[in-house]
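In what follows, a single structure is set out as structure tokens and then discussed.
Start at 1 with the first residue, then count along the sequence.
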Amino acid sequence: MQLVVYLLVYPILWCISILPFPIFYFFSDLIYILVYRVIGYRKKVVRSNIKLTLPHLSEKEQLLVEKKFYKHMCDMFLEMIKTLTISEKEMKKRFVFTNIELVHEFEKKNKSIVLMCAHYASWEWMIILGKYISFKGFGIYKRIRNPHFDKLIRDIRSKFDAALIDTKSTIKAVNENQEKGIMGIYGFVSDQTPVPYRTHYWETFMGHEVPVHTGGEMLAKKTDMNVLYLKVEKVKRGHYQATFIPLAENVTDIPNYDVSKKFLQEVEKQIYAAPEYYFWTHKRWKFRRDKE
């Protein structure tokens with residue numbers, strides 16, 4: 001059955017991916033109407049998250065953030081599909097690194113790098129980074145249950161010389177790479193919500209104390225990697241720019257959780273500046289300690 005579903009859906013995805021960009025984004029507008037106005041996908045979660053974390057905005061302003069977010073979410077979902085057929089040249093034009101030379105300087109330090117990212121703007125198109133670096137790019141991801149769609153996601157995200165590592169295999173893969181002398185840049189989407197009983201660290205994020213995913217930081221400490229944050233901003237529809245921000249060198253000398261705290265602070269700055277580009281459908285504040 002999983003194969004049947006895949007065979008039915010894949011041709012549709014491929015047809016969407018080859019649409020010219022003006023038609024492509026017109027189609028995204030139609031998807032927005034369906035997802036937001038008809039289905040109301042996770043609207044209660046989105047509305048609750050925005051109200052909880054942006055209380056300084058009026059109800060009208062919060063509603064505007066909500067609508068802009070759904071439009072952006074539909075764009076981003078389709079942009080992931082667009083990756084099936086987009087060219088390297090087109091991707092480089094649409095996802096620009098403002099200071100790639102900083103990564104080159106870090107590569108000269110002969111240490112692998114943990115690249116901490118957020119569910120903000122676009123984390124899908126950052127895979128073009130593989131075309132700019134000498135290290136091997138790896139993305140840490142959670143495996144999809146349907147093996148056929150899992151392979152599709154792996155193929156999409158590996159298109160520009162990157163490779164994917166399942167979350168359960170991360171430590172093993174990093175150790176094997178180090179034994180082989182393979183220098184890597186390991187991308188973590190680090191603002192995910194860990195379950196409380198597996199959490200060692202809680203921190204205030206957007207005004208509320210929440211459990212924090214510290215896997216990227218702990219891996220960096222365990223294997224002596226440097227840590228960067230990739231700040232992605234949406235310039236205009238279909239165009240992004242990304243800036244690398246150092247979070248830690250000689251990470252083993254830094255107190256535990258300082259890196260994760262700095263990461264959250266950087267993400268907060270972006271959300272307050274342009275909240276419509278954060279991924280509000282995630283239940284990021286589900287386990288907050290300050291529940292009434």
Side-chain angles (χ1 to χ4, degrees), residues 31-32 34-57 59 61-80 116-124 139-146 149-150 153 166-168 170 187-218 229-230 232 234 257 260-261 263-292:
I31 295 296
Y32 160 74
L34 176 65
V35 170
Y36 180 65
R37 299 194 179 278
V38 179
I39 298 175
Y41 172 72
R42 290 204 171 190
K43 189 180 287 189
K44 289 183 179 179
V45 174
V46 171
R47 193 163 292 177
S48 174
N49 283 342
I50 292 174
K51 183 178 181 180
L52 181 71
T53 59
L54 302 173
H56 60 286
L57 298 182
E59 288 187 9
E61 289 170 328
Q62 290 178 2
L63 183 61
L64 182 60
V65 170
E66 177 183 301
K67 291 178 179 178
K68 286 183 176 180
F69 159 70
Y70 273 96
K71 289 182 179 179
H72 169 68
M73 182 186 73
C74 292
D75 280 359
M76 217 196 84
F77 172 72
L78 290 184
E79 285 165 2
M80 180 181 68
M116 298 179 74
C117 312
H119 286 98
Y120 189 91
S122 174
W123 57 94
E124 292 293 343
I140 311 303
Y141 88 115
K142 188 174 182 179
R143 190 182 298 275
I144 297 174
R145 290 183 180 179
N146 186 315
F149 281 105
D150 184 74
I153 292 297
D166 176 32
T167 51
K168 296 180 180 179
T170 303
F188 287 79
V189 182
S190 298
D191 60 330
Q192 299 180 20
T193 306
V195 291
Y197 68 87
R198 291 182 180 176
T199 302
H200 302 287
Y201 176 57
W202 292 66
E203 182 57 71
T204 300
F205 179 54
M206 299 297 294
H208 301 276
E209 192 175 10
V210 294
V212 178
H213 192 286
T214 59
E217 177 183 353
M218 293 302 105
Y229 170 55
L230 186 63
V232 183
K234 191 167 187 174
Y257 312 126
S260 296
K261 183 176 182 177
F263 163 74
L264 290 178
Q265 290 171 343
E266 293 293 339
V267 179
E268 269 194 355
K269 291 177 189 176
Q270 288 197 262
I271 296 174
Y272 283 127
E276 61 268 30
Y277 301 134
Y278 190 63
F279 216 60
W280 295 106
T281 53
H282 283 197
K283 296 181 180 180
R284 185 62 187 91
W285 293 271
K286 180 180 180 180
F287 300 113
R288 67 186 188 279
R289 279 180 170 168
D290 58 341
K291 285 184 178 180
E292 295 180 357

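- Within the cation-pi definition used here (under 6.0 Å to the ring centroid, within 45° of the axis), K71 does not qualify as a partner of Y36.
- Closest heavy-atom contact between F263 and A118: CZ-CB, 4.2 Å.
- The structure places OG of S122 at 5.5 Å from CE of M76, a figure rounded to the nearest 0.5 Å.
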Take D191 and Y278 through the side chain to side chain donor-acceptor pair (under 3.5 Å) test and state the conclusion after the steps. CA-CA 11 Å; D191 60 330; Y278 190 63; 2.7 Å; yes
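- Residues E66 and V46 come closest through the heavy atom pair CG-CG1, 4.1 Å.
- Rounded to the nearest 0.5 Å, atoms CD1 (I140) and OG1 (T170) are 4.0 Å apart.
- Nearest approach of S260 to H213, heavy atoms of both residues: OG-O, 4.4 Å.
- Every residue meeting the side chain to side chain contact (heavy atoms under 4.5 Å, CB included) condition with Y257, not counting sequence neighbours, appears here in chain and number order: H200, Y201, T214, E217, M218.
- Annotation: side chain of K234 is not in contact with side chain of Y120 (no heavy-atom distance under 4.5 Å).
- T281 approaches V45 most closely through the heavy-atom pair O-CG1, 3.6 Å.
- Using modelled atom types, one side-chain atom of W285 and one backbone atom of F205 make a donor-acceptor pair closer than 3.5 Å.
- Side chains of H119 and Q192 form a contact here, defined as non-hydrogen atoms less than 4.5 Å apart.
- Here I31 contributes atom CD1 and M73 contributes atom CE; the two are 10.0 Å apart, rounded to the nearest 0.5 Å.
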Run V210 and R284 through side-chain contact (heavy atoms from CB on, under 4.5 Å) and show every step you take. CA-CA 8 Å; V210 294; R284 185 62 187 91; 3.8 Å; yes
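- Annotation for L63 and R47: closest pair CD1-NH2, 4.0 Å, computed over non-hydrogen atoms.
- At least one side-chain heavy atom of Q62 sits less than 4.5 Å from a side-chain heavy atom of K51.
- Remark: H208 NE2 to T53 OG1 distance equals 6.5 Å, nearest 0.5 Å.
- Remark: Y70 engages no residue in a side chain to side chain donor-acceptor pair (under 3.5 Å) (not counting sequence neighbours).
- Salt-bridge check for R288 with E209: failed, with every basic side-chain N at 4.0 Å or more from each acidic carboxylate O.
- For K261, the NZ atom counts as loosely surrounded, since its 6.0 Å shell holds 12 or fewer non-hydrogen atoms of other residues, nucleotides or ligands.
- The closest side-chain heavy-atom distance from T199 to V212 is not below 4.5 Å.
- Going from atom NZ of K286 over to atom OG of S48 covers 12.5 Å, rounded to the nearest 0.5 Å.
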Side-chain donor-acceptor pairs of residues 265-277 under 3.5 Å, sequence neighbours excluded:
from, atom 1, to, atom 2, distance (Å)
E268, OE2, M206, N, 2.5
Q270, OE1, Y229, OH, 2.4
Q270, NE2, V232, O, 2.8

Yes or no on side-chain contact (heavy atoms from CB on, under 4.5 Å) for V35 and F77, after CA distance, side-chain angles and deciding distance? CA-CA 12 Å; V35 170; F77 172 72; over 6 Å; no
Determine, step by step, whether F279 and H282 satisfy the ring pair (Phe, Tyr, Trp, His ring centres under 6.0 Å) criterion, reporting the C-alpha distance in whole Å, the side-chain angles of both residues, the deciding distance to 0.1 Å, and the verdict. CA-CA 6 Å; F279 216 60; H282 283 197; 5.2 Å; yes
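- Taking every heavy atom of both residues into account, W280 and N49 meet most closely at O-ND2, 2.8 Å.
- Put simply, CZ on F69 and CG on L64 are 14.0 Å apart, with the number rounded to the nearest 0.5 Å.
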